[in-house]
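Along the sequence shown, residues are numbered consecutively beginning with 1.
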Amino acid sequence: MLRMSNLPEEIKSNLMAYYSKKEKPDVFPSKFEVNGEYYYFFTFAPAAEQVIMKANGEVPWHDEISNVALIATSYNHSIEVTAHIGFKWANPERMKIFISLRDLLEEIEQHFKEMPIEVRESLHVYKRLAKELIEKQRIIENSVEDAKKLWDRTNESELVRENDQKVMRAYVVETVQAGYRQNEAQLETDSDRNTVEEFVKKNKSLFDFKSMKLWSALKKQQNVMMKKTKKNLKEMEELSEIKEGDKPLAQHENVPDILNHLRNKRR
């Protein structure tokens, strides 16, 4: 893994012209290989700007380095999404919750033999939701694990190739699509879930211990389901661009912002 401490002295010396004493330079853990050239990617906390330098110490002009900047930024962003969102979504406890929900709904259907047809239909919608949540959770777990393996490999080899960026981006898109669909499906079934919850609530009885147990378990499940809060809707909106799948890096909306944060000199 690359660190500032193990960089060649010439590289560190050439970098000094691009940051102030108040800033702390750091290097991406791997070099980037693009079109047969090797590049370092530097950041300067607390500034939100970067410099891209060739492995020979040369700092290319701003207009020569745009493609490398987009590749490096995309790879770095994919790592951040995996670390801050993917790892959270891949938590094994989520799968346990979804499997418990599936089993609980089966128990509810078996216990309450008589229920209005509209409630039974809502219960079947709820059961389909539980099945989809489990299916998407498996996708999330596999994609996050694959992303972690790729991240570890590039750290160890200290090299990210162009194809690594594409593969990593694909893992992140797959993760986000699955997680987004989990949230979307929960919002879509809000009415049916409430119908089932209200039915079990009304039909529980102190003289029927099983019904009380089912009601308590269902209420807990409902509390962890996705709700239409401002925070949840904002998170979904922020992930919507990733969810739409990959497209050429130069066509992403944030390209001007990325290039404006490069400290490579302009002609």
Side-chain angles (χ1 to χ4, degrees), residues 77-112 115 117-152 166-197 199-200 214-229 231-247:
H77 181 253
S78 295
I79 296 300
E80 291 176 354
V81 172
T82 299
H84 298 145
I85 296 176
F87 287 162
K88 180 177 68 175
W89 285 355
N91 188 323
E93 290 302 313
R94 283 169 59 91
M95 181 64 89
K96 290 180 182 178
I97 289 171
F98 299 148
I99 291 175
S100 295
L101 174 62
R102 178 198 63 189
D103 297 343
L104 172 62
L105 295 175
E106 289 289 349
E107 285 190 76
I108 289 173
E109 187 171 38
Q110 293 171 14
H111 186 76
F112 295 100
M115 64 177 66
I117 186 169
E118 63 272 14
V119 175
R120 189 169 297 280
E121 289 174 351
S122 289
L123 179 58
H124 288 166
V125 170
Y126 208 164
K127 288 172 65 178
R128 287 196 296 272
L129 169 66
K131 180 182 178 181
E132 184 171 16
L133 292 176
I134 292 170
E135 291 172 350
K136 298 304 182 187
Q137 190 61 25
R138 290 197 180 102
I139 292 173
I140 290 171
E141 291 178 356
N142 291 337
S143 298
V144 169
E145 179 61 24
D146 288 339
K148 183 179 181 300
K149 288 179 180 177
L150 177 54
W151 173 232
D152 289 342
K166 294 175 183 177
V167 172
M168 182 65 82
R169 174 71 178 179
Y171 291 148
V172 169
V173 169
E174 193 172 50
T175 299
V176 171
Q177 286 178 339
Y180 191 98
R181 178 55 196 161
Q182 283 182 329
N183 293 342
E184 187 177 53
Q186 290 173 68
L187 295 178
E188 290 174 351
T189 58
D190 186 61
S191 177
D192 290 294
R193 292 189 288 105
N194 290 336
T195 295
V196 174
E197 181 184 21
F199 172 79
V200 176
L214 292 173
W215 158 241
S216 177
L218 182 62
K219 188 164 64 170
K220 289 180 181 178
Q221 288 284 356
Q222 281 284 82
N223 286 338
V224 299
M225 289 288 105
M226 183 81 168
K227 298 176 179 63
K228 291 184 179 180
T229 65
K231 179 181 178 182
N232 289 336
L233 293 176
K234 185 173 184 285
E235 180 179 285
M236 290 182 69
E237 182 181 351
E238 290 172 348
L239 296 173
S240 62
E241 183 182 354
I242 301 175
K243 173 188 74 73
E244 294 304 320
D246 212 6
K247 55 185 177 182

Evaluate E80 against I85 for side-chain contact (heavy atoms from CB on, under 4.5 Å), listing each step before the verdict. CA-CA 8 Å; E80 291 176 354; I85 296 176; over 6 Å; no
I need the W215 CH2 to H111 NE2 distance, nearest 0.5 Å. 14.5 Å
Whether the side chain of Q137 engages the backbone of W89 through a donor-acceptor N/O pair (distance < 3.5 Å, no angle test) should be reported. yes
Taking C-beta and beyond as the side chain, do V224 and I97 meet within less than 4.5 Å on heavy atoms? yes
Quick one, L214 and L104 - any side-chain contact, counting heavy atoms below 4.5 Å? yes
Worked verdict on R193 versus L129 for side-chain contact (heavy atoms from CB on, under 4.5 Å): CA-CA 10 Å; R193 292 189 288 105; L129 169 66; 3.6 Å; yes
List the steps and the verdict of side-chain contact (heavy atoms from CB on, under 4.5 Å) for L150 and Y171. CA-CA 10 Å; L150 177 54; Y171 291 148; 4.3 Å; yes
What's the spacing between S78 OG and K166 NZ if we round to 0.5 Å? 13.5 Å
Please report the interatomic distance CE(M95) to CD(E141), rounded to the nearest 0.5 Å. 4.5 Å
Full working for side-chain contact (heavy atoms from CB on, under 4.5 Å) between F98 and K136: CA-CA 10 Å; F98 299 148; K136 298 304 182 187; over 6 Å; no
For E93, all residues meeting side chain to side chain donor-acceptor pair (under 3.5 Å), sequence neighbours excluded: K96
Given side chains that start at C-beta, do those of I99 and D103 come closer than 4.5 Å, heavy atoms only? yes
Check whether any side-chain heavy atom of Y126 sits under 4.5 Å from a side-chain heavy atom of L218, and report yes or no. yes
Which heavy-atom pair separates I140 from A178 by the least distance, and what is that distance? CG1-CB, 3.6 Å
What I'd like to find out is whether the side chain of K127 reaches to under 4.5 Å of the side chain of R102, using heavy atoms alone. no
Considering all heavy atoms, the nearest A147-M168 contact: O-CE, 3.3 Å
Could you tell me which residues satisfy salt bridge (Lys or Arg N to Asp or Glu O under 4.0 Å) with E132, sequence neighbours excluded, listed by chain and number? R181
Does any non-hydrogen side-chain atom of L133 lie less than 4.5 Å from one of Q186? yes
Could you check whether any side-chain heavy atom of Q182 comes within less than 4.5 Å of a side-chain heavy atom of R94, counting everything from C-beta outward? yes
My understanding is that only residues two or more places apart in sequence, or in another chain, count here; which of them pass side chain to side chain donor-acceptor pair (under 3.5 Å) with K148? D152
Testing E109, E118, E106 one by one against L123 for a side chain to side chain contact (heavy atoms under 4.5 Å, CB included), which residue passes? E109
Is there a side-chain contact between K131 and I134 in this structure, where contact means two heavy atoms from C-beta onward sitting under 4.5 Å apart? no
Contact summary for T175 and G86, nearest pair of heavy atoms: CG2-CA, 4.3 Å
With S122, which of T189, D192, N194 fulfils side-chain hydrogen bond (donor to acceptor under 3.5 Å, both in side chains)? D192
